[in-house]
Structures are given as C-alpha cells and as structure tokens.
Amino acid sequence: MRAVFLDRDGTINVGIPRIERVDSIEKVELLPGVQTALEQLAKLGYGVFFVTNQAGIAEGRLTPADFEAINNHILELIAASGIRVLKTYLCPHGEGSDCDCRKPKPKLLQDAAKEFDIDLASSWMVGDRPSDVMTGVNAGTKTILVRSGDPTAEAPEATFVANTLLDAIRYIANH
C-alpha cells in the first residue's frame, strides 16, 4: 500500500502559533481549504494516516481520553470530504523525552508500515514543521512541508514545499 501520513495540528486544523496546544474540542478549527484538499486526496488511492506529537498529554494539559475525543471530533469534521483516516499514530511524550516515537524519529511511520504493509518509499509525509519533514526523511518517504501554520517555515530536505494542503495534494497527484 502507498500512504500519505498527515501531521494533524497545524496541517489539518489550526495549531501553533495561533493555538499553543489543541487541548479541547473548543480549540479545533479546520484550516481553510482542508476539506477540498482531503476530497482530492480521497480520490488518489492512498492509505491515509494521522501522525502527531501530543506533548500536552505529557504536560498534563489533556488526558489520553481528551486526545481521543478531540481526534474523533476532527475525524467527524473531515468525514464530509470522503477521506478515511485508517489510524492515528501518536507520541504522548514531551519535547525533552527520550522516547523512540516522537517525531522526527521514524517509529510511528515504521509501525504503520508493519501494521498496514505500507511501501514507505512510495509514500508521503506531509506536515507544517521541519520535524515532520525529517520524520519522513528518516522513514524513507517523500516529504512535503506545508506552510499552513508558519508561512516562513523552511525545510531544505523536503521533496516539496507547499503553501497549503491543497497545493501539497495536487503535487502528490502529479508525482
């Protein structure tokens, strides 16, 4: 299977810098154009996964149950696009943690590859931070930095840099 791994906060819904942590359903707001982008992605035949760092769990700002409620709410909001997110992989550890799952480490993508028989070399990691790009590089995927959260973000290692998720999906469709 080919896959598109999507960072969630800052790529699908509003994140930093506007919202420090998405720690309640009330803070969920889809980014402009996300539904259209996901409609396009749904037509491309990729398995779709969320891959997200959630330091708010380690910080005590939200519980795993809170995370599940927020994630389920986002999945409900994007369902109208026709997209089906097969699974959400998350790292619940903080930034200073020595875990093996926090992006930019590739473990979450590798776990998905084992569980869903994914060909990482023909897959994509899409996110709004250089750490998302490095996760893909470290896992052997192609990568796209989306400047949806920070229009000045840079990631020289990225396969492509897109201003919006829709631009990213169009690039995937053509490559």
Exercise. Counting distance only, does the side-chain N/O of Thr143 pair as donor-acceptor with the main-chain N or O of Val137 below 3.5 Å?
Worked result: no

Looking at Arg102 and His93, would you say the former's side chain and the latter's main chain have a donor-acceptor pair under 3.5 Å? yes

| Check: Ser81 side chain, Gln35 main-chain N or O, donor-acceptor pair, under 3.5 Å | no

Here the pair of heavy atoms bringing Ala168 nearest to Val146 is CB-CG2, 3.9 Å

Check your understanding: Just wondering, more than 12 heavy atoms not from Asn174 lying within 6.0 Å of its CG?
Key -> yes

Next on the checklist: The test is ring pair (Phe, Tyr, Trp, His ring centres under 6.0 Å); show your working for Phe5 and Phe50 and say whether it passes.
Outcome noted: CA-CA 6 Å; Phe5 299 98; Phe50 282 163; over 10 Å; no

*asked:* For Asp23 and Arg61: C-alpha separation, side-chain torsions, deciding distance, then whether salt bridge (Lys or Arg N to Asp or Glu O under 4.0 Å) applies.
replied: CA-CA 6 Å; Asp23 55 11; Arg61 295 175 70 153; 3.5 Å; yes

Between Ile12 and the options Asp7, Leu75, Ile74, Asp128, the side chain to side chain contact (heavy atoms under 4.5 Å, CB included) test singles out Ile74

Here the gap from Leu165 atom CG to Arg147 atom CZ, rounded to the nearest 0.5 Å, amounts to 15.0 Å

**Thr141 side chain vs Gly136 backbone, donor-acceptor pair below 3.5 Å** = yes

Original post:
If Ile, Leu, Val, Met, Phe, Trp and Tyr residues are connected whenever their side-chain heavy atoms lie under 4.5 Å apart, and connections chain through other members, are Val85 and Met125 in the same group?
Top reply: no

On a heavy-atom basis, the closest approach of Gly94 and Ala58 is N-CB, 3.3 Å

Handout entry: Heavy-atom donor-acceptor pair, Asn138 side chain to Met134 backbone, under 3.5 Å
Key = yes

Nearest heavy-atom contact between Lys107 and Asp100 is CB-O, 3.0 Å

Is there a path of hydrophobic side-chain contacts, each under 4.5 Å between heavy atoms, that joins Leu38 and Trp124? yes

Give the C-alpha distance, both sets of side-chain angles, the deciding distance and a yes or no for side-chain contact (heavy atoms from CB on, under 4.5 Å) between Thr52 and Thr88. CA-CA 8 Å; Thr52 179; Thr88 299; 4.1 Å; yes

In this structure, CD1 of Ile172 is separated from CD of Gln40 (nearest 0.5 Å) by 11.5 Å

- prompt: Do Asp9 and Gln54 meet the criterion of a side-chain donor-acceptor pair at a distance under 3.5 Å?
  reply: yes

**Request:** Using atom types as modelled and distance alone, determine if a side-chain donor or acceptor of His73 lies under 3.5 Å from a backbone N or O of Ala69.
**Result:** no

### Query
Can Arg129 and Glu154 be counted as an ion pair, charged N to O under 4.0 angstrom?
no

Taking atom types as modelled, is there a side-chain donor on Glu115 or Tyr89 under 3.5 Å from an acceptor on the other? yes

The reported gap from CE in Met1 to CD1 in Ile118 (rounded to nearest 0.5 angstrom) is 6.0 Å

Interatomic distance, CD1@Ile57 vs CG@Leu62, rounded to 0.5 Å, equals 5.0 Å

When rounded to the nearest 0.5 Å, the distance separating SG of Cys99 from NZ of Lys105 is 5.5 Å

Rounded to the nearest 0.5 Å, the CD1 atom of Ile169 sits from the CD1 atom of Ile83 at a distance of 7.5 Å

For Thr63, is there any backbone N or O sitting under 3.5 Å from a side-chain donor or acceptor partner on Asp66? yes

In short, Asp119 meets Ser122 closest at the heavy-atom pair OD2-OG, 3.0 Å

Exercise for the section: Quick one: do Leu31 and Thr11 satisfy side-chain contact (heavy atoms from CB on, under 4.5 Å)? Show the steps, please. Expected result: CA-CA 7 Å; Leu31 287 161; Thr11 304; 5.6 Å; no

Taking only Lys NZ, Arg NE, NH1 and NH2, and the carboxylate oxygens of Asp or Glu, determine whether Lys103 and Asp132 approach each other closer than 4.0 Å. yes

Checklist entry - Taking it one step at a time, do Val34 and Glu39 satisfy side-chain contact (heavy atoms from CB on, under 4.5 Å)? => result CA-CA 9 Å; Val34 162; Glu39 287 171 9; over 6 Å; no

